[in-house]
Novice: 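Let me begin by handing over the structure; questions about it come next.
All heavy atoms count here, side chains included; hydrogens, waters and symmetry mates do not. So you know, we letter chains A, B, ... as the sequences are listed, proteins then strands, and number each from 1.
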Amino acid sequence: MPKRYTITAALPYTNGPIHIGHLAGVYVPADIYARYLRGQGKDVAFICGSDEHGVAISLKAKKEGKTPQEVIDQYDQLIRTSFKKFGIEFDNYSRTSRAIHHNTAQEIFSDLYQKGIFEEKETEQLFDPEANQFLADRYVTGTCPICQHPEAYGDQCENCGSSLSATELINPQSTISGSQPEMRKTKHWYLPLNQYEAFLKSWILEGHQSDWKPNVYGQVKSWIDNGLQPRAVTRDLDWGIPVPVSDANGKVLYVWFDAPIGYISSTKEWAAEKGKDWEPYWKDKDTQLVHFIGKDNIVFHCIIFPVMLHASGDYILPENVPANEFLNLEGQKISTSKNWAVWLHEYLEAFPDQQDVLRYVLTANAPETKDNDFTWEEFQARNNNELVAIYGNFINRVVVLTHKYYDGVVPSPESLFKEDQLVLDAMKLLPNKIGHAITQYRFREASQLLMQLARIGNKYLADAEPWKQIKTDPVRVTTIMHTALQIAAGLAVLSEPFLPHTAKKLTALLQLEKLQLKWDDVNQKEELIPTDHKIEKAQLLFQKIEDVQMDEQRAKLASSAKQNQSETQIIAPLKPQTTFENFTALDLKVAQIIEAKKVDKTKKLMELKVQLGNEIRTVVSGIAQDFDAAELIGKKVTLLTNLAPRTLKGIESNGMILLGENKQGHFVFVHPEDESVQNGTEIH
RNA sequence: CGCGAGGUAGAGCAGUGGUAGCUCGUCGGGCUCAUAACCCGAAGGUCGCAGGUUCGAGUCCUGCCCUCGCUACCA
């Protein structure tokens with residue numbers, strides 16, 4: 001049994017508000033876990049904070065004409081408020097821009113530096129002279145050296161799928177200023193992950209094969225098996241924590257080096273406020289450290305951060321890293337940039353005081369084992385059929401009957417019948433069952449076990465029929481209602497980790513505040529709510545959600561998707577002037593697609609047969625993500641016929657179909673008269 | 001291409017060698033205390049496909065197909 005728990009939730013990055021995906025993947029499960037343990041009387045530090053460094057924030061500030069400080073202040077405030085309103089009850093929520101964090105991160109860097117852990121390397125990197133900064137690979141575009149696609153990124157060409165290095169691109173261009181980057185030398189410090197393979201193997205691959213989630217374990221194993229590379233932990237940037245070494249002017253700690261240290265500095269800040277010692281929470285072997293994260297963070301929390309902690313010597317390692325998969329929204333990936341999301345602050349405007357509904361839906365449909373989909377239809381169904389119909393209705397029945405028969409006073413029971421004992425026994429099994437599911441990080445299951453208690457209650461009332469018995473055997477009804485009230489009280493206690501706002505309302509409704517009921521009282525106490533105890537008048541815990549409300553939400557999503565499409569586009573820079581001769585050298589002809597088939601084992605490639613006069617040609621085109629084979633057949637397209645043939649995936653492609661590519665990277669055929677094609681759309 | 005996860009009733013999920021299960025939805029019935037809520041019953045599955053191991057396979061092995069993700073700055 002651990003003496004204490006340090007629970008961390010991924011630090012939200014302050015370049016935008018948070019949405020339901022963040023909540024479902026990280027914060028709701030972490031909060032349930034922390035609340036459950038606190039309810040058990042455990043010593044818990046539930047730690048989080050805003051992650052406020054890194055190149056994305058610096059860029060966003062430049063783009064919006066603000067200072068980075070203004071950007072992070074704005075979002076830190078918004079995120080902080082959202083968490084508070086949703087009842088995500090951190091023991092401490094700090095910020096990585098605070099002095100305590102800067103100091104802590106620098107201390108850890110210096111410590112590792114002095115121990116000689118880092119490797120120093122000088123490399124050549126692309127530098128944007130106009131923006132006066134080095135460029136991360138994804139901030140460089142240019143022509144792909146392999147397939148000639150004009151908009152390949154510095155790390156990968158989306159067209160042909162090849163992995164690239166930014167220095168290979170033809171005509172590289174900075175996406176920040178548009179200027180041509182130049183090569184410059186720069187020195188950085190590297191964490192030699194490759195030297196820690198043996199440590200990671202024995203710690204994770206041997207030590208956690210059975211208790212870590214398959215997705216986490218598999219991912220880590222894949223990285224280790226492929227061989228780890230030294231990783232730079234510093235960057236050339238003007239926004240971040242200065243590297244505390246004398247020859248490191250203008251260099252800051254890599255955001256992923258400093259962010260997880262934020263857990264430690266946030267713990268320090270909390271301990272100082274509470275007059276506690278922070279060190280046992282990070283250094284005592286009897287502390288259980290758990291990181292709640294999304295799957296994209298696995299490498300940092302299972303490899304990089306543990307190596308940092310291990311190398312420094314005296315820190316403990318995480319006991320588990322229960323990473324969740326992703327949540328989609330109405331069938332599509334949640335995307336901040338495309339505004340395809342349900343933002344927490346906007347949810348609250350539409351559904352005031354209904355935080356628990358979202359908490360419940362996101363728990364019941366959490367992406368624990370695979371990506372899941374959030375739909376408004378399911379949201380409505382879960383609310384109306386489960387929270388309202390089963391949970392809320394049970395409570396309402398009990399409270400209404402208690403007032404009708406006994407003026408709201410808990411009646412004194414006669415001796416229990418077998419059926420009364422059976423439901424009470426069934427309830428007594430639940431605290432351990434639910435607790436076990438929670439400590440195994442199976443929150444979906446835990447939430448369904450909770451709902452089972454309300455089902456037990458409804459069934460009990462239906463079987464015992466107090467409304468009939470009252471006419472023939474009123475004495476029997478005292479026992480029935482007493483028993484039903486015990487279940488209602490049990491629900492109030494066991495709901496707390498999942499539905500904190502509801503638990504509070506229910507506690508008030510049943511006037512349980514003074515009784516101070518604990519989790520284990522549910523299976524240990526004979527009576528949760530005593531005879532002669534007076535309860536409040538009935539009040540609804542959940543409201544039905546109507547179809548109109550769902551239509552509004554769906555309309556909102558649809559309009560943001562549309563708005564996003566019609567957003568004024570920045571027209572791609574014009575290419576150098578060409579000549580009429582060059583143009584006439586191109587042979588453009590109209591052709592009709594007569595056959596279309598997706599190329600096996602590719603995401604994008606489509607093999608097309610096109611009719612061109614009396615000739616049929618085979619063309620391979622990267623459009624499979626935007627079109628189905630069926631809808632392509634019969635389409636008339638413009639074909640560049642005299643392009644040199646090229647073999648893709650073993651199929652010779654003779655020609656190229658002219659396509660427009662919009663901002664989202666989706667292709668449209670070239671029919672400029674079509675309304676949906678915007679001015680400035682690039683054709684290639 | 002490589003690697004990881006997933007593919008079980010209309011939907012969402014559980015089930016790691018022994019008669020296929022849960023929740024929602026659908027259909028039928030019951031009840032009327034309750035937010036037209038609750039309770040009971042039924043229909044609905046060749047467990048992605050094809051082979052193999054085994055007395056026996058959703059479960060183990062092999063191959064393939066599909067979805068999502070990762071490949072180092074999207075929770």
Novice: Can you tell me the Watson-Crick or wobble partner of B/U54, both distances under 3.5 angstrom?
Specialist: none

Novice: Any N/O pairs under 3.5 Å between the protein and nucleotides 24-26 of chain B? List them or say none.
Specialist:
| residue | atom | partner | partner atom | Å |
| --- | --- | --- | --- | --- |
| B/C24 | O3' | A/N385 | ND2 | 3.1 |
| B/G25 | OP1 | A/N385 | OD1 | 3.3 |
| B/G25 | OP1 | A/N385 | ND2 | 3.1 |

Novice: Apply salt bridge (charged side-chain N to carboxylate O under 4.0 Å, His left out) to A/R359 and list each qualifying residue two or more places apart in sequence or on a separate chain.
Specialist: A/D31

Novice: Output one letter per nucleotide in nucleotides 4-10 of chain B: B when a protein non-hydrogen atom lies under 4.0 Å from the base, S when only the sugar-phosphate is that close, - when neither is.
Specialist: SSS----

Novice: For the pair A/D407 and A/K537, find out whether any cationic side-chain nitrogen is under 4.0 Å from an anionic carboxylate oxygen.
Specialist: no

Novice: Of all the choices, B/U35, B/A75, B/C73, which nucleotide is nearest to the side chain of A/F300 once you look at every atom?
Specialist: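 Closest of the options to the side chain of A/F300: B/C73.
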
Novice: Name all residues meeting the salt bridge (charged side-chain N to carboxylate O under 4.0 Å, His left out) criterion together with A/K295; count only those two or more places apart in sequence or in a different chain, and write none if there are none.
Specialist: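 Once residues adjacent in sequence are excluded, the partners of A/K295 under the salt bridge (charged side-chain N to carboxylate O under 4.0 Å, His left out) criterion are A/E325, A/D371.
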
Novice: Cut-off 3.5 Å, side chains only: do A/H53 and A/Y13 have a donor facing an acceptor?
Specialist: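 Side-chain D/A pair, A/H53 to A/Y13: absent.
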
Novice: Checking contacts here: which listed nucleotide (B/G69, B/C13, B/U35) is nearest the side-chain heavy atoms of A/N365?
Specialist: B/C13

Novice: Output the single nucleotide from B/G12, B/C73, B/U35 whose closest atom is nearest the side chain of A/K544.
Specialist: B/U35

Novice: What's the gap between B/C55 and B/A50 when it is taken at their C1' atoms, as a whole Å value?
Specialist: 23 Å

Novice: Please list, chain by chain and in numerical order, all residues satisfying ring-ring contact (aromatic ring centres under 6.0 Å, His included) with A/W212, sequence neighbours excluded.
Specialist: A/W203, A/H208

Novice: Can you check whether any acceptor in the base of B/A34 is under 3.5 Å from a donor in the side chain of A/N396, or vice versa?
Specialist: no

Novice: Using salt bridge (charged side-chain N to carboxylate O under 4.0 Å, His left out) as the criterion, list what pairs up with A/E465, not counting sequence neighbours.
Specialist: A/K468

Novice: Quick one: A/L461 CG to B/C40 P, roughly how many Å, whole number?
Specialist: 12 Å

Novice: What is the pairing partner of B/A34, taking Watson-Crick or G-U wobble pairs with both distances under 3.5 Å in any strand?
Specialist: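 Partner of B/A34: none.
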
Novice: Just jot down the ring-ring contact (aromatic ring centres under 6.0 Å, His included) partners of A/H22, sequence neighbours excluded, or say none.
Specialist: A/H19

Novice: With a 4.0 Å cut-off, would you call A/D353 and A/K505 a salt bridge?
Specialist: yes

Novice: Return the nucleotide paired to B/G6: Watson-Crick means purine N1 to pyrimidine N3 with N6-O4 or O6-N4, wobble means G-U with N1-O2 and O6-N3, both under 3.5 Å.
Specialist: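 Pair assignment: B/G6 / B/C66.
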
Novice: Let's see if you get this right: which residues in residues 472-488 of chain A place a heavy atom under 4.0 Å from RNA chain B?
Specialist: none

Novice: Under the ring-ring contact (aromatic ring centres under 6.0 Å, His included) test, which residues partner A/W467, sequence neighbours left out?
Specialist: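 Per chain and number, A/W467 pairs via ring-ring contact (aromatic ring centres under 6.0 Å, His included) with no residue.
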
Novice: Could you work out which one of B/C31, B/C73, B/A34 sits closest to the side chain of A/K468?
Specialist: B/C31

Novice: Which of these nucleotides, B/C39, B/A75, B/A37, is closest to any side-chain atom of A/A462?
Specialist: B/C39

Novice: Which base sits across from B/A11 as a Watson-Crick or G-U pair, both distances under 3.5 Å?
Specialist: B/U23

Novice: Please tabulate, one pair per line, all N/O donor-acceptor pairs under 3.5 Å involving side-chain atoms of residues 449-456 of chain A, not counting sequence neighbours.
Specialist:
none

Novice: Got a sec, which residues hit salt bridge (charged side-chain N to carboxylate O under 4.0 Å, His left out) with A/E378, two or more places apart in sequence or on another chain?
Specialist: A/R382

Novice: Using the test ring-ring contact (aromatic ring centres under 6.0 Å, His included), find all partners of A/Y33 that sit at least two apart in sequence or belong to another chain.
Specialist: A/F292, A/Y441

Novice: Using Watson-Crick or G-U wobble geometry with both distances under 3.5 Å, which nucleotide pairs with B/U71?
Specialist: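 No nucleotide pairs with B/U71.
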
